[in-house]
Amino acid sequence: MIKVLLFADLEEKAGVREIELSNSEMKVLEVKKYLIEEYPVLKGIENALPAVNEEYATSDTVVKSGDTIAFIPPVSGG
Amino acid sequence: MALQKGFVITDKEISIQEVVDKVMDRNAGAINTFIGTVREMTKGKKTLYLKYDAYVPMAEKKLQQIGEEILKDFPEAKVAITHRIGELAICDIAVVIAVSTPHRADSYTASRYAIERIKEIVPIWKKEHWEDGEEWIGDQLEKTPYPSGSPTKEELE
């Protein structure tokens, strides 16, 4: 199982912060495509940066069961 | 006393003194503090209140990374950063950065670096609430928000 985390406007659009995927292994890009297909409201995910297990990742990063993938919209702290 | 955490996301009011105390050092000749507060007017629009959210464990890691980046340039510096999340009113303190260094110039440079870097790599988001609406704010730097230290935009394709 792969845990997906959504924040800010993505979380608000999806209506949930957490989504669980039953896949055992996926590339970040595949997770993105899957989410946009399943939840068309999440189109904005294109502008978010992926983070795998709390570290920024790339589209090619492989996510495995037990991993957490978060989508980080442009940040606005400070 | 338990080891104090130098890089913190909290939903409580920030004590400036507490952050400053973390960087006290016998070799310090300067402690620079930056206090980020909630502004009422932004581009002519009146904010009623703000809401901050964060990916807390990653945000604390990224704050710590900023501290480590500062130590590369200023090995004698001590850095502590606390950022608040949740609902904040106008004038509330959102972030406190404290940097101590042996000489003052370095403390200014490092403090400035820390706040700019927070706006680049730390997963914290602000939602502005106005009289006539609300919006999550992103990319305040009006440039690619993730320079070195994280993937480039091309890598997202």
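Every chain is numbered from 1 and lettered A, B, ... according to where its sequence line falls, protein lines coming before strand lines.
- Residues of residues 9-31 of chain B lying under 4.5 angstrom from chain A, judged on non-hydrogen atoms, do not exist.
- The backbone N or O of B:K126 sits less than 3.5 Å from a side-chain atom of A:S76, completing a donor-acceptor pair.
- Proximity to chain A involves both the backbone and the side chain of B:Y55, based on heavy atoms less than 4.5 angstrom apart.
- Note: A:T68 OG1 to B:M58 CE = 12.0 Å, rounded to the nearest 0.5 Å.
- No continuous path of ILVMFWY side-chain contacts below 4.5 Å connects B:V96 to B:Y52, so the two sit in separate hydrophobic clusters.
- Cluster membership for A:I36 and A:L29, using ILVMFWY side-chain heavy atoms within less than 4.5 angstrom, is not shared.
- In this structure B:K45 satisfies the salt bridge (charged side-chain N to carboxylate O under 4.0 Å, His left out) test with no other residue, sequence neighbours excluded.
- In terms of heavy-atom proximity, B:V122 sits nearest to A:Y56 at N-OH, 4.5 Å.
- The heavy-atom pair separating A:G77 from B:K119 by the smallest distance is O-NZ, 3.3 Å.
- Both B:F34 and B:L50 are part of a single hydrophobic cluster, where members link through side-chain heavy atoms under 4.5 Å apart.
- Rounding to the nearest 0.5 angstrom, the gap separating the NZ atom in B:K62 from the CD atom in A:E55 is 3.5 Å.
- The two residues A:V75 and B:I118 come nearest to each other via the heavy atoms CG2-O, 4.1 Å.
- Neither the backbone nor the side chain of A:T61 comes within contact range of chain B; no heavy atom of the residue lies under 4.5 Å from a heavy atom of that chain.
- Under a hydrophobic clustering in which Ile, Leu, Val, Met, Phe, Trp and Tyr are joined whenever their side-chain heavy atoms come within less than 4.5 Å, directly or via other members, A:F71 and A:I2 fall into the same cluster.
- In terms of hydrophobic clustering, with Ile, Leu, Val, Met, Phe, Trp and Tyr side chains grouped at heavy-atom distances under 4.5 Å, B:V95 and B:V38 are assigned to a common cluster.
- Residue-environment remark: NZ (B:K127) exceeds the threshold of 12 foreign heavy atoms within 6.0 Å.
- The hydrophobic cluster containing A:M1, built from Ile/Leu/Val/Met/Phe/Trp/Tyr side-chain heavy atoms closer than 4.5 Å, comprises no other residue.
- Contact of the B:W125 side chain with the A:P73 side chain is registered, since non-hydrogen atoms from C-beta on lie closer than 4.5 Å.
- At most 12 non-hydrogen atoms from other residues, nucleotides or ligands lie less than 6.0 angstrom from NE2 of B:H103.
- When the shell of 6.0 Å around CD of A:E38 is examined, it contains more than 12 heavy atoms from other residues, nucleotides or ligands.
- A:Y34 OH: 12 or fewer foreign heavy atoms inside a 6.0 Å radius.
- Interface residues of residues 7-19 of chain A toward chain B, defined by a heavy-atom distance below 4.5 Å and sorted by number: A:F7, A:A8, A:D9, A:E11, A:E12, A:R17.
- Interface remark: B:A59 contributes no atoms to any contact with chain A (heavy atom separation under 4.5 Å).
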